[in-house]
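As structure tokens, the structure follows; a few thoughts come after it.
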Amino acid sequence: MNADLHCHSNVSDGTLTPEALAARAKANGVELWALTDHDEIRGQQRALAAARELGLPYLTGTEISVSFIDVTVHVVGLGFDPADAALAAGLAATRGGRRERALEMAESLARVGIHGAFEGALKFVGNPDLISRTHFARHLVEAGVCSDTSEVFRRFLTEGKPGYVPHRWARLADAVRWITDAGGVAVIAHPARYRFSANEEHALFTEFIGHGGRGVEVVTGSHSAAEAVRYAGVALEYGLLASRGSDFHGPGESHTDLGALPELPGALTPVWEALQHRVVHPQ
Ligand code: AMP
Ligand code: MN
Ligand code: MN
Ligand code: MN
């Protein structure tokens, strides 16, 4: 099954609208799709309506920013009720500090001679509540400071670099609870991206499962083939459901297109098996 359960629209830091993403997913042969905007579900009705129009089965989605032992970890939520009030409130609280953080990032960049970055980043923002590092990266490329967004992250937007501002996101327990209380399944996103020691990673998975988390991304646009093999092992070891998603942010920016992913390794239980009752099928 070509399931793609991780991507971003311009409701967060993607460049395409939910409708354009739905069309692209369909054209690329995706058979089950979820839009997972960062800390946002206000694109869900549009994604769902567009998927229905195209005959594309859909799962609701979001990607929640979490702070776990001072590291930012992303938790994907799938198949929740998009009308759940506690989930909406939790996401609104998580988004809350983004504007102040962005202003601090701009001040910090100004100290190294890069002026007007807040206003510059805002030009790339589709949702004023969701200004992200990605928007700063696009602005610094357009301004000619760097040649691509990876270079911006390397030189400016990661820990220890001049544009980086530490931020406190949601707690792991809360993020998992918002998702599961709304009827969804919580999934650890792209686990190979965090620079955890073996003990810290064990703590993450153990606490996540203790809070009711049930899944882990195994095949994602941000994992190498070797990392997918490693996290297939982790899924089996912890008894977690396996997810698959491109983490597509837009053409020309993401190296993995919607639906263009390897299969999940055999022996794993795909997360969509546990979410069959939550799939929105087109009539
Ligand atoms: P934020 O939520 O504002 O901290 O921004 C996080 C987003 O920045 C991620 O979801 C990615 O889209 C993007 N990002 C993080 N690290 C990198 C990187 N090294 N290169 C390109 N994009 C990145
Ligand atoms: Mn992103
Ligand atoms: Mn992520
Ligand atoms: Mn993502």
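Just follow the structure's listing: the first ligand is 1, and inside any ligand the first atom is 1.
Put simply, the side chain of Asp81 never gets that close to the backbone of Gly183: no donor and acceptor are under 3.5 Å apart. A donor-acceptor distance shorter than 3.5 angstrom exists from the side chain of His223 to the backbone of Val218, with no hydrogens or angles considered.
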Item to check | Criterion ring pair (Phe, Tyr, Trp, His ring centres under 6.0 Å) on Tyr231 and His190, from CA distance to verdict | outcome: CA-CA 9 Å; Tyr231 285 96; His190 43 64; over 10 Å; no
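Taking a cutoff of 4.0 Å between a charged side-chain nitrogen and a carboxylate oxygen, Arg98 and Glu40 do not qualify as a salt bridge.
Of the candidates His249, His8, Arg133, the one placing a heavy atom closest to atom 6 (C) of ligand 1 is Arg133. Proximity annotation for atom 4 (O) of ligand 1: of Arg101, Arg154, His135, Arg101 comes nearest, heavy atoms only.
Residues Val219 and Leu240 share a hydrophobic cluster, clusters being chains of Ile/Leu/Val/Met/Phe/Trp/Tyr side chains in contact below 4.5 Å. In terms of hydrophobic clustering, with Ile, Leu, Val, Met, Phe, Trp and Tyr side chains grouped at heavy-atom distances under 4.5 Å, Tyr164 and Val112 are assigned to different clusters.
Contacts between Asp13 and ligand 1 below 4.0 angstrom, taking non-hydrogen atoms only, involve the side chain exclusively. The residue His167 has no part lying near ligand 1, judged by heavy-atom distances below 4.0 Å.
Sequence neighbours left out, the pairs with a member in residues 250-261 that pass salt bridge (Lys or Arg N to Asp or Glu O under 4.0 Å) are Arg24-Asp257, Arg138-Glu253.
Nearest protein neighbour of atom 20 (N) of ligand 1, counting heavy atoms only, is Phe153 CD1, 3.5 Å. Protein heavy atom at the shortest distance from atom 7 (C) of ligand 1 is Thr134 OG1, 3.4 Å.
Considering backbone and side-chain N/O atoms, His74 never comes within less than 3.5 Å of an N/O atom of ligand 1.
Legend: protein N/O/S atoms lying under 2.8 Å from the Mn ion (ligand 3), waters omitted, number 3.
Ring geometry, Phe196 versus Phe68: the interplanar angle exceeds 60°, so the pair is classed perpendicular (tilted spans 30 to 60°).
Atoms of ligand 1 found under 4.0 Å from any heavy atom of Arg98, numbered from 1 in the order shown, are 1 (P), 2 (O), 3 (O). Short contacts between ligand 1 and Ser132, defined as distances under 4.0 Å to a heavy atom of the residue, involve ligand atoms 3 (O), 5 (O).
Heavy atoms of other residues, nucleotides or ligands lying less than 6.0 angstrom from CZ of Arg99 number 12 at most. Residue-environment remark: CD (Glu237) exceeds the threshold of 12 foreign heavy atoms within 6.0 Å.
The NE2 atom of His139 sits 11.5 Å away from atom CZ of Phe118, with the distance rounded to the nearest 0.5 Å.
Take the N/O/S atoms of His8: the one nearest the Mn ion (ligand 4) is NE2.
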